[in-house]
Amino acid sequence: MSSKPLDNIFERYISAPTLFKDREVLRPTYIPERLPHREEQMEKIGSILATCLKGGTPSNIFCYGKTGTGKTAVVKYVLKHLVDKTRELKIKEPIVSYINCAIVDTNYRVLSQLCEILGEKLPLTGLPTDEVFNKFVSKLDEEERLMIIVLDEVDLLLKKSGSFTLYELTRVNTMLKRARVSLVGISNDLRFKDYLDPRVLSSLSEEEIVFPPYTASELKDILRERAELGFFEGVLEPAVINLCAALAAREHGDARRALDLLRVAGELAEREGSPKVLERHVREAKKRIEADVLSDAIRALPLQSKLVLYAIYLSSRETLDASTGEIYNTYQRLCSLLNVDTLTQRRVSDLINELDMLGMINAAVISRGRYGRTRRIRLAMPKNLLRKLLYEDYRLKELRNFEKGVL
DNA sequence: CATCCACAGGAAGATCTGGTAG
DNA sequence: CTACCAGATCTTCCTGTGGATG
């Protein structure tokens, strides 16, 4: 055995027992061969889309349910098998386009994405949206074909960019001579229907499919199946699956979260050299996942938001909660210290709202009677972690020197 | 029980960036 | 170069309001 510096670590890594048979099957993007407790939804979507096997145009479908209830998995699963079937029967395949509106979240970008799938490259910006739409229609109509457009998290598109694309897409079939379009909308937000223009709604939800949250015991079934594929036999302590299921069930039956917990727990156990995944690994995984999500979000914050957060951090050392006005005053001082432009209170108020939605702070509207209406702002994360993350930004490093004297 | 504080949060539009088209 | 487009970000101006207090 040589004594090169990292040898110890490498050797230990190699000799440590491997717990994973196949890590990939535990990732949320993996689509398994079976989707337990979603048979009903699968059948329904399958029978609607099957119309295209006989040359028909399937009705538009609208799926809704909370995150991690299997909507995306079921839709992708059915589409994959549908395409396989058309190949088997040697009929013309539908063009399947999957668009995640959390990423592609403007009317323009959705349409240009659709054009790209048809082989028409478009610039990122610069063209009028309706022109892009016309381009899409004429390109699609060049041949007789069916395009199945899946709009995942479509509620985000609507909230951000309005209903232009949605509206146009629901009536695109009237403009097409040869080609046909079927829409599959997926929404996490159950109130989505309230925001939507009734004309679009009735067209989009010709068929409606509900995905209820998984119960703890359903989650257990899912985890058991995946664990069998993903881990070697006997490496999971019996209580591990139950705990993952229970923790995820508490968060509105989110299967994605349950799988993440299981995978990260496995990774932690493996790194530690433990031959088994234990309950404490799951608890540790829960903390890790939560901290990671938060940390990444904070690192990605623009400077102004970081300054607002810093102001909240400072006030949290003095008192439990602060008002918008107090935070704004502190924020202004920080800006002048760093020689940064100061935003208006209106804007800062919006930034505070965003920080609240990201879960870094709690900001509830309260009334203090005679003393006005404001937000009660509290830090919702460990001060030390926040401090560390904020100082990662070199632009804030200077504030270190002022930290004690500022307030 | 009317008043009035300290904001919330909607609406509209200005400014800037990064693009096309001619 | 000009004219135009979309989107992000921010400002200006505004109306609305829960409830302690006088």
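All values below were derived from every heavy atom in this structure, side-chain atoms included, with hydrogens, water molecules and symmetry-related copies excluded. Just so we're on the same page: letters track the sequence lines, and every chain starts at 1.
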*Separation of E131(A) atom CD from dG22(B) atom P, in whole Å?*
9 Å

_Determine whether a donor-acceptor pair (one donor, one acceptor, N or O, separation below 3.5 Å) exists between the side chain of R346(A) and the base of dG10(B)._
yes

*G369(A) or I377(A), whichever maps to the more 5' nucleotide of DNA chain B*: G369(A)

*Which heavy atom in A245(A) sits nearest to a heavy atom in L223(A), and how many Å separate them?*
N-CD1, 3.8 Å

*Say you draw a straight line from CG of N384(A) to CG of L389(A); how long is it, rounded to the nearest 0.5 Å?*
11.0 Å

*asked:* I want to verify a distance call: between dT9(C), dG19(C), dG7(C), whose nearest atom is closest to the S367(A) side chain?
replied: dG19(C)

_Can you measure I327(A) atom CD1 to dC7(B) atom P for me and round it to whole angstrom units?_
11 Å

*asked:* As a test of reading the structure: which of dA6(C), dG16(C), dG9(B) is closest to the side chain of N353(A), going by heavy atoms?
replied: dG9(B)

*Salt bridge present between E237(A) and K276(A) (N-O < 4.0 angstrom)*: no

*L343(A) CG to dA14(B) C1': how many Å, rounded?*
15 Å

*Hey, does the side-chain of R368(A) have a donor or acceptor N/O within less than 3.5 Å of a partner on the base of dG19(C)?*
no

*Rounded to the nearest Å, what distance is computed from the CG atom of residue D356(A) to the P atom of nucleotide dA8(B)?*
12 Å

_Nearest-Å distance for atom pair CG/P, residues D341(A) and dA8(C)_ = 21 Å

*R378(A)/D321(A) ion pair, N-O < 4.0 Å*: yes

*Could you list by number each residue of residues 302-312 of chain A showing a heavy-atom separation from DNA chain B of less than 4.0 Å, or answer none if no residue does?*
none

*asked:* With a cut-off of less than 4.0 Å, is there a side-chain N or O of S349(A) near OP1 or OP2 of dA8(B)?
replied: yes

*To the nearest 0.5 Å, tell me how far L355(A) CG sits from M381(A) CE.*
10.5 Å

*Given axes from five pairs at either end, by how many degrees does the helix from dC1(B)-dG22(C) to dG22(B)-dC1(C) bend, rounded to 10°?*
20°

*For dC7(B), take OP1 and OP2 only and decide whether either is under 4.0 Å from a side-chain N or O of T324(A).*
no

*Interatomic distance where OH belongs to Y108(A) and C1' belongs to dC5(C) [whole Å]*: 9 Å

_At less than 3.5 Å, do the side-chain atoms of R370(A) and the base atoms of dT3(B) form a donor-acceptor pair?_
yes

*asked:* Strictly below 4.0 Å, N to O, side chains only: are K44(A) and E40(A) in salt-bridge contact?
replied: no

*Within 45° of the six-membered ring axis of Y98(A) and under 6.0 Å from that ring's centre, is NZ or CZ of K76(A) located there?*
yes

*Could you check how far CG of L127(A) sits from P of dG7(C), rounded to whole Å?*
12 Å

*Does R373(A) have a side-chain nitrogen or oxygen under 4.0 Å from the phosphate oxygens OP1 or OP2 of dC7(B)?*
no

*Any idea which heavy atoms bring T69(A) and P213(A) closest together, and the distance?*
CG2-CA, 3.6 Å

*Check every strand shown and say whether D350(A) touches a base, only sugar-phosphate, or nothing at a heavy-atom separation below 4.0 Å.*
nothing

*asked:* Could you check whether any side-chain N or O of H81(A) sits under 3.5 Å from a backbone N or O of V78(A), counting only pairs where one atom can act as donor and the other as acceptor?
replied: no

*Nearest to side-chain heavy atoms of S323(A), which nucleotide of dT20(B), dG9(B), dC7(B)*: dC7(B)

*asked:* For the backbone of T165(A) and the side chain of N107(A), can you confirm whether one donor and one acceptor N or O come within less than 3.5 Å of each other?
replied: yes

*Measure from CG on N329(A) to P on dA6(B) and round the result to the nearest Å.*
12 Å

